[in-house]
There are 2 protein chains.
Amino acid sequence: MELKNKSKGSVLEKQKAKVDKKSAIINSARKLFVQNGFGCTSMREIAKDANVNLAMVNYYFKSKETLFDIIYDEAFENMASQFDVKLLSGNSVIENITNFIESYTEGLIKNPEVPGFIFQEIYKNPDVVISRVKKSEVAQKFRNSFFSSIDKEMKEGKIRNIENPVGLLLNIVSMCAFPFIGKPLVEKVIGSEKSEFTKTMRARKKDITEIFKAYLSVK
Amino acid sequence: MELKNKSKGSVLEKQKAKVDKKSAIINSARKLFVQNGFGCTSMREIAKDANVNLAMVNYYFKSKETLFDIIYDEAFENMASQFDVKLLSGNSVIENITNFIESYTEGLIKNPEVPGFIFQEIYKNPDVVISRVKKSEVAQKFRNSFFSSIDKEMKEGKIRNIENPVGLLLNIVSMCAFPFIGKPLVEKVIGSEKSEFTKTMRARKKDITEIFKAYLSVK
DNA sequence: GTCTATAGCGGGATAGAC
DNA sequence: GTCTATCCCGCTATAGAC
């Protein structure tokens with residue numbers, strides 16, 4: 001009779017197993033939390049999806065909240081990493097806007113489920129999102145560059161008069177992010193092709209940039 | 001000794017109580033479903049909030065799903081009722097867009113929680129939303145009017161060339177609806193004043209209209 | 001119609017053997 | 001580290017007394 005042999009491996013094998021299980025849990029948690037939100041995802045589901053014993057999930061991550069926070073943090077990291085030096089190299093309002101739309105859209109294409117995920121949880125804790133954005137150095141630098149370039153070019157008469165620069169930024173973000181929040185819906189409307197969504201979002205970059213170019217150029 | 005007297009009223013009183021309880025349940029259900037979504041709202045919470053025995057909720061509404069469907073339907077009705085004849089009276093692209101932004105924004109101001117609510121549940125069942133929009137007669141008529149006016153004015157050279165009219169409509173909807181989906185966030189950013197949000201959203205109507213006027217006029 | 005009580009399930013978390 | 005078994009809780013829904 002052969003007995004269960006699972007705990008007979010070397011120390012090295014155990015460590016490897018540890019890493020594998022941890023990341024398997026993370027992967028399943030990400031998938032399920034993003035899909036169904038915090039409230040509609042159970043630890044049992046996560047364990048099953050990760051092919052791991054339920055007790056292991058609590059062993060590695062202490063609680064459901066802890067695990068969720070890791071996934072939520074990760075989502076922000078993924079988006080933030082998209083905003084790099086390129087974003088800060090704009091020398092005019094139009095350049096700033098063009099760079100932003102480019103970076104933001106490509107970030108969303110790489111993480112299409114992130115906005116929906118973040119907004120799903122926004123109602124419970126809006127402050128988490130705000131503090132995250134405030135912490136981001138790139139976001140701060142971009143804001144400063146964006147608003148001061150608007151100020152400057154308005155005085156020079158290069159662009160139209162903008163009464164509410166924050167509103168302008170909100171409008172740009174709206175156009176970029178909205179289709180991703182409503183992705184399941186937009187996909188249905190566009191058609192069944194899988195790659196179609198990405199293609200459409202990529203094409204939108206030009207359109208959105210064009211809209212704001214036209215708007216700003218009217219004096 | 002005075003006994004409990006609750007079931008001693010006349011038939012008329014009972015009917016009144018029935019209506020009161022029913023609507024109390026509906027009101028609490030709306031509040032909680034909209035706030036927390038289907039998964040994170042319990043029948044116990046609803047009953048407690050409505051000051052009604054738990055069994056009564058099932059007695060009147062059979063199941064949680066049934067109750068939720070009523071609230072979801074209601075949300076669509078509220079938005080749809082906003083799109084009336086005014087919306088269909090546009091004789092040009094600009095008029096159509098102006099009317100749409102006006103109607104849609106005012107509808108959202110009256111039901112600010114609706115977009116967040118609908119989007120919260122979109123991931124589970126996008127088809128529900130699509131079939132609802134397709135059913136709406138006003139929406140269909142507006143679409144036809146909108147697209148044919150674009151076609152006409154493009155040929156006449158009155159507006160710029162629009163390669164993707166659906167995308168244009170998506171952009172308009174994006175700008176109008178996005179701040180409402182992120183309302184808790186936007187409110188924090190704008191400031192603590194309660195009426196400030198509505199004021200800001202109302203002011204945006206002019207800005208958004210202006211953006212598309214500028215965009216369309218560039219040949 | 002109204003309530004209490006409870007069936008029956010699934011949730012998060014942990015104790016304790018190995 | 002790993003697993004089983006279990007605690008204790010809250011959930012939806014309903015049976016059944018009044």
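Labels below follow one simple rule: chain letters A, B, ... track the order of the sequence lines, proteins then strands, and each chain is numbered from 1. Hydrogens, waters and symmetry mates are skipped; everything else that's a heavy atom, side chains included, is used.
Contact check, A/S42 against C/dG10: no side-chain N or O comes under 4.0 Å of OP1 or OP2. Distances shorter than 4.0 Å separate none of the side-chain N or O atoms of A/N58 from OP1 or OP2 on C/dG12. For the OP1/OP2 pair of C/dT2 and a distance below 4.0 Å, the side-chain nitrogens and oxygens of B/K21 include at least one atom meeting the criterion.
The separation between A/Y60 atom OH and C/dA13 atom C1' is 17 Å, rounded to whole Å. B/L54 has its CG atom 16 Å from the P atom of C/dA7, to the nearest Å. We find that CG of B/N53 is positioned 12 Å from C1' of D/dT14, with the value rounded to whole Å. At whole-Å resolution of the value, NZ in A/K64 and P in C/dG11 are 9 Å apart. Atom pair B/K48:NZ and D/dG10:C1' shows a separation of 13 Å (rounding to whole Å applied). Across the protein-nucleic acid pair, B/M43 atom CE and D/dT14 atom C1' stand 12 Å apart, rounded to whole Å. The separation between A/K62 atom NZ and C/dT14 atom P is 5 Å, rounded to whole Å. The distance between atom OH of A/Y59 and atom C1' of C/dG12, rounded to the nearest whole Å, is 19 Å.
Relative to the ring axis of B/Y60, B/K21 does not place its NZ or CZ within 45° and under 6.0 Å from the centre.
Of all heavy-atom pairs between B/Q120 and B/Q35, the closest is NE2-O, 4.1 Å.
A salt bridge does not link B/K183 to B/E113: none of the charged side-chain nitrogens sits closer than 4.0 Å to a carboxylate oxygen.
Side-chain contact between B/F180 and B/I109 is present, with at least one heavy-atom pair separated by less than 4.5 Å.
Backbone-only engagement by B/T41 is indicated by non-hydrogen atom pairs under 4.0 Å involving sugar-phosphate atoms exclusively.
Remark: the A/R44 side chain and the C/dG10 base include no donor-acceptor N/O pair separated by less than 3.5 Å.
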